[in-house]
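Keep in mind that what you see is a predicted model, and the values were worked out from it rather than measured. Here is how names work: the chains are called A, B, and so on, in the same order as the sequence lines, proteins then strands, and each is numbered from 1.
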Number of protein chains: 2
Amino acid sequence: MDQSTASPEERQDADLPFDVFSKRCPSRGLLEHATGRWGSLTLGALYEGSLRFNALRRRVDGVSEKMLSQTLHALERDGLVHREAQLVNPPRVDYELTPLGREVAERLLGLIHFVEGRMSEVLAARERYDAAREV
Amino acid sequence: MDQSTASPEERQDADLPFDVFSKRCPSRGLLEHATGRWGSLTLGALYEGSLRFNALRRRVDGVSEKMLSQTLHALERDGLVHREAQLVNPPRVDYELTPLGREVAERLLGLIHFVEGRMSEVLAARERYDAAREV
DNA sequence: CAGCATCCTATCCGATACTG
DNA sequence: CAGTATCGGATAGGATGCTG
């Protein structure tokens with residue numbers, strides 16, 4: 001686009017090979033896996049340490065077996081989560097973050113804790129918004 | 001805000017009133033609005049400055065009129081985006097981040113730029129994963 | 001315990017048409 | 001320009017039943 005005269009301020013997203021704002025960029029898919037309804041909570045839960053399937057399921061309150069399985073597959077495929085299966089009976093499988101996954105989870109948790117801390121503001125904004133329309 | 005005796009390290013998520021990991025916490029809804037497919041891109045686009053509806057639509061490549069409208073309503077209701085309408089003809093409406101929205105967008109952009117920068121690792125992980133199963 | 005397969009519903013979302 | 005309304009296909013996601 002503009003590779004000769006871009007200032008340092010513009011460079012940030014001017015000539016990156018991957019730009020999430022363009023329709024066909026694969027980074028959108030990753031972002032959706034990582035920030036999706038279950039993806040963000042799964043990464044957040046695993047940040048504290050490795051967990052087995054059912055422990056994870058209890059930690060991510062409300063996730064179904066199917067969705068957790070699907071989410072873990074996507075995150076494993078993207079290289080954010082590592083699956084460690086032991087061939088014992090009963091079976092034991094541990095999930096843990098990869099180094100890359102840790103970095104993503106860190107940023108995600110920063111966001112999560114931030115919004116948790118500001119929920120009262122959000123709730124108030126919602127009430128104001130709703131009150132203004134139901135007249 | 002900090003009226004308990006929790007240490008600074010624990011305070012963050014030890015006794016917060018809002019916990020995104022529990023099923024019925026309203027912070028989940030906010031997180032989904034902010035990190036959803038179009039929410040994150042909309043907030044990211046508005047971080048650079050206020051934009052009009054159609055400019056925003058062009059910036060968030062691929063978003064439909066309907067989804068952008070819906071996304072903006074949700075973000076406005078949550079108090080992350082401010083809608084400024086001028087009663088002129090043709091109509092002119094500007095969207096901009098609220099102070100709270102800026103803080104969310106900042107963290108979101110941190111994540112976005114991070115994943116953009118690591119996409120090659122992710123793509124490689126995906127190839128490895130796919131190659132391992134199609135045997 | 002750690003899952004996969006199937007069915008079914010709710011919602012997401014794009015396309016199209018229309019309004020002030 | 002800045003939206004709203006409606007339709008229909010695609011997908012997310014819950015419930016249930018089964019396997020190693």
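Summarising the geometry, the separation between CG on L56(B) and P on dC1(D) is reported as 14 Å, rounded to the nearest angstrom. Rounded to an integer number of Å, the gap from N54(A) CG to dC4(C) C1' is 14 Å. Atom CG in D61(A) sits about 16 Å away from atom P in dG13(D), given to the nearest Å. R58(B) has its CZ atom 9 Å from the P atom of dA2(D), to the nearest Å. If you take CG of L68(B) and C1' of dT4(D), they are 14 Å apart, rounded to a whole angstrom. In this entry the distance linking CZ of F53(A) with C1' of dC1(C) reads 10 Å, nearest Å.
OP1 and OP2 of dG3(D) both lie 4.0 Å or more from every side-chain N or O belonging to H73(B). Between Y95(A) and dG3(C) there is a side-chain polar atom (N or O) within less than 4.0 angstrom of OP1 or OP2. Contact between the side-chain N/O atoms of S69(B) and the OP1/OP2 oxygens of dT4(D) is found at a separation under 4.0 Å. In terms of phosphate contacts, R52(A) brings a side-chain nitrogen or oxygen within less than 4.0 Å of OP1 or OP2 of dA2(C).
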Any chance you could lay out the side-chain contact (heavy atoms from CB on, under 4.5 Å) test for E65(A) and F53(A), step after step, and finish with the verdict? CA-CA 9 Å; E65(A) 188 180 274; F53(A) 189 83; 4.0 Å; yes
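Using bins of under 30°, 30° to 60° and over 60° for the plane-to-plane angle, the ring pair H73(B)/Y129(A) lands in the perpendicular bin.
Taking R28(B) as the reference, nothing meets the salt bridge (charged side-chain N to carboxylate O under 4.0 Å, His left out) condition, with sequence neighbours excluded.
The stretch residues 32-39 of chain B comes close to DNA chain C through R37(B), W38(B), each having a heavy atom under 4.0 Å from the strand.
When atom types are taken as modelled, the side chain of T35(B) and the backbone of T35(A) share a donor-acceptor pair closer than 3.5 angstrom. In terms of modelled atom types and a separation under 3.5 Å, the side chain of S64(B) and the main chain of M67(B) share a donor-acceptor contact.
Mapped onto DNA chain C by nearest heavy atom, K66(A) and Q70(A) fall at different nucleotides, with Q70(A) at the one closer to the 5' end. With the nearest nucleotide of DNA chain C identified for both S64(B) and V93(A), V93(A) has the one nearer the 5' end.
Between the axis at the start and the axis at the end of the helix from dC1(C)-dG20(D) to dG20(C)-dC1(D) there is an angle of 50°, using five pairs per end and rounding to 10 degrees.
Within the 4.0 angstrom heavy-atom criterion, base atoms lie near E65(B). Counting any heavy atom pair closer than 4.0 Å across all strands shown, R83(B) reaches sugar-phosphate atoms only and no base atom.
D61(A) and R59(A) are not joined by a salt bridge, as no carboxylate oxygen comes within less than 4.0 angstrom of a charged side-chain nitrogen. Ion pairing between a basic and an acidic side chain is recognised when a charged N comes within 4.0 Å of a carboxylate O; R92(A) and E84(A) show no such pairing.
The P91(A) side chain lies nearest to dC1(C) when the options are dA17(C), dC1(C), dG20(C).
Under the 6.0 Å distance and 45° angle rule, R107(B) counts as a cation-pi partner of F114(A).
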